[in-house]
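Worksheet for the structure shown next.
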Amino acid sequence: MIHSFSKFHPSKLLFLLSLLLCCKTSIGQKTASPVPYGVTPSERLLAWHELEFYGFIHFTINTFTDKEWGYGDESPTLFNPTHFDADQIVLSMKAAGMKAIILTAKHHDGFCLWPTKTTEHNITKSPWKNGKGDVVREISDACRRHGLKFGVYLSPWDRNNEHYATPHYVNTIFQNQLRELLTNYGPVFEVWFDGANGGDGYYGGKREERKIDRITYYNLDELWNVIRPLQPMACIFSDLGPEIRWVGNESGVAGETCWPTYTPKGREDINKPGLGQTRYEEGQFGTRDGKYWIPAECDVSIRPGWFYHESENNRVRSVENLVNLYFKSVGHGASMLLNIPPSRKGTVYPTDSITLAQMGNYLQRLYAVNYATTAKVKASAVRSSDKAFAPENVRDADRYSYWGTPDGVTTGEITLQFSKPTTFDVVRLRENIKLGVRSDDWEVWAQVKGQWQLFGKGTAIGASRLVKGPKVTAEAIKVSITKGKASICISDIGVFNSPELPKENLPVISRDEKGQVHIVGESKNASIVYEKNRNAISATSTPYQAPFLMSESGSVSAAFLNKDGSTSRISTVTFGILPQNWTLYKNQATQTTTDNKQLALDNNPKTVWLVDITSQGTDALILDTQKNQLVKGISYVPDPANGQGNITHYALYGSQNGNDWQLIQEGEFSNIEANPRPQRINIPKDKGQLRYLKLVPKRWVGTGHQVRIADLLLL
Ligand code: FUL
């Protein structure tokens, strides 16, 4: 049909106007830029995307109580770092290549790390610097001094505050805490709201459970309005956004395909997201053509826990592990938020800071030379002869200058010809996200000795995509867009050769059924040394020659000792008391279960005992160790692979005869849902002489009728 514009109609005027708008060109540019496709990021999200890799600091009273979640009844006098050094912390993190830091200004226990006027439960009541200290001030100042952006974590859940769950807490106390943080500490790039919300707590001495409606309680529209005028460039994070979403796990990985756009299923109205309400698995992937621009952030800790625990000093992730996570987060278009928990001294522990420096060194060397910058570029189609769309734009350092194809041309290819065969194993792809997420499927090809071979392929590009392929020496590379929703706007193709990564090589420690401890491993010119019940290793540690017996509970640490007296990193394994003829059953000794209960005693977290539970809080898991002995604690190892059924609340009893039971402790396994790491319950000496132990699961993750026990260790 041919349109006739001879007769005036208002819709025609609108059409003309929109045409004019679409055809807007920049100065000197004759061809119109493509119309943005779908939703696009705001200015502050664009700035956020450019950060890619930044750090988290978890530091508070928990650092001193050895906990992951404080109950809220901890005395502020416990907070007393001996050598707090904000520069050391910030510089250790900067050395890794981080561009910003988010600090836990208040965690769930409610203790405020700055001198707030909103609650007495704050740093002025601690002995540190005679109550004159301010961790938020020191860290934010150090960030500015060293050129890093600063962000705040303010836990909505406050287990200390007597007003929690009332309107007064949320409308006055919590909002004022935000106001203080966003007014007094300079520019803030991100405000982090945790999803863990409501539940048991001290609550001013009431010690009860308080439930809140996660969708309505926090008056989120109002809360966002507190943030906006005070910090216009601060992006708001919560499980569902509104600006940055949780990736849905605490392991540091985004989905292989991870869209920055998102329409949370069953919740089309993002203005009412609630805190802590999400379908976790969705966060990894986002939604193609989602209604909102809510990119994913991958939060992960360098240690198993979020807070510092001395017992985890030898469980710091290796640089190899961190780099792998970097490729699975930043490399999938999300950001990497790596947590570094300062120790009780108030500094980053040496193992952590050495690893951070190694990571920084790796990233610096990775990006040192971009082989694309000197390549000859050719594309299958170009929008026009305007420089604005030239294929060469993919080689420059500008994230937004791009190669553009004509409207309707959604597939095509671009070739980069090197002047000589070039070795690489990483290709970086970026779209100009100011124009939306346009392309879907892509392939990267490498031309090796005249033959094109596939280097990598996938779906979604967005702000950044790192393709890690085999090391090849190629004459050229070709990026093919094989499916897309709008004309192509690729802004970056980077070609890099990754440096050698130090491979983690540690002695492997295991114990057999008879209690013999074996330590195996090989390292050139090095021998193995070990220690029992000591985390540190030195040249004077015991040389390992043959397996040794250890039927009691305890830890074994081992490392390679080099000829020059230096040692490798240390590996530490904790063993429980050796289970010898122990029996494990549900409720009564007479009750036989057909399930695989021995899997809970095999010291292998990969094999899991799944127990049917008939009723909450009454079914008991009973362990008979066959003899009275001193038990110092238990370690419950949840299923690391499937959270559903992992125990969150328990009661633990002990007995010498199997009839008279004494309550040892009732409590929670904090944060086990998001971070299923081993949980320890200490048993006081006066209750520790026992033969039987009874664990009553009171609550667990999900609504199923089974609980999961990967391992149960008696310590
Ligand atoms: C979780 C919290 O409950 C953890 O303690 C930690 O702060 C982590 C980053 O988020 O949901």
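Quick note: numbers below take in every heavy atom, side chains included, and nothing from hydrogens, waters or symmetry partners. Remember, it's 1-based here, ligands and their atoms both numbered in the order they're listed.
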**Study point:** Contact atoms of ligand 1, heavy-atom distance to Asp299 under 4.0 Å
**Key:** 9 (C)

Review point. Salt bridge between Glu52 and Arg465, side-chain N to carboxylate O under 4.0 Å?
Key: no

Exercise for review: Tell me which one of Lys67, His107, His58 gets a heavy atom nearest to atom 5 (O) of ligand 1.
Suggested key: His107

Practice item. List every atom of ligand 1 that sits less than 4.0 Å from any heavy atom of Glu250, numbering the atoms from 1 in the order shown and giving each element. Key: 1 (C), 8 (C), 10 (O), 11 (O)

Check your understanding: Nearest protein heavy atom to atom 2 (C) of ligand 1, by residue and atom, and its distance?
Key -> Asp194 OD2, 3.0 Å

**Study point:** Test salt bridge (Lys or Arg N to Asp or Glu O under 4.0 Å) applied to Glu310 and Lys345, step by step
**Key:** CA-CA 11 Å; Glu310 201 190 335; Lys345 273 173 84 175; over 6 Å; no

Check your understanding: Got a salt bridge between Lys125 and Glu120, using NZ or NE/NH1/NH2 to carboxylate O under 4.0 Å?
Key -> yes

**Study point:** Polar contact flag for His108 and ligand 1 (N/O pairs, less than 3.5 Å)
**Key:** yes

Check your understanding: Would you call Arg145 and Asp87 a salt bridge, using N to O less than 4.0 angstrom?
Key -> yes

Practice item. Run the salt-bridge test on Arg44 and Glu243 with the 4.0 Å N-O cut-off and return the result as yes or no. Key: yes

Practice item. For Phe56, take its heavy atoms, then give the atoms of ligand 1 lying under 4.0 Å from any of them. Key: 9 (C)

Check your understanding: So do Tyr650 and Tyr636 actually touch side chain to side chain, heavy atoms under 4.5 Å?
Key -> no

Point to revise | Distance from atom 4 (C) of ligand 1 to nearest protein heavy atom, with residue and atom | key: Asn671 ND2, 3.4 Å

**Study point:** Numbering as shown, the atoms of ligand 1 that approach Tyr153 to under 4.0 Å (heavy-atom distance)
**Key:** 7 (O)

Practice item. Report yes if Trp69 has an N/O atom closer than 3.5 Å to an N/O atom of ligand 1; otherwise report no. Key: yes

Point to revise | Residue from Glu209, Glu666, Glu668 passing salt bridge (Lys or Arg N to Asp or Glu O under 4.0 Å) with Arg699 | key: Glu209

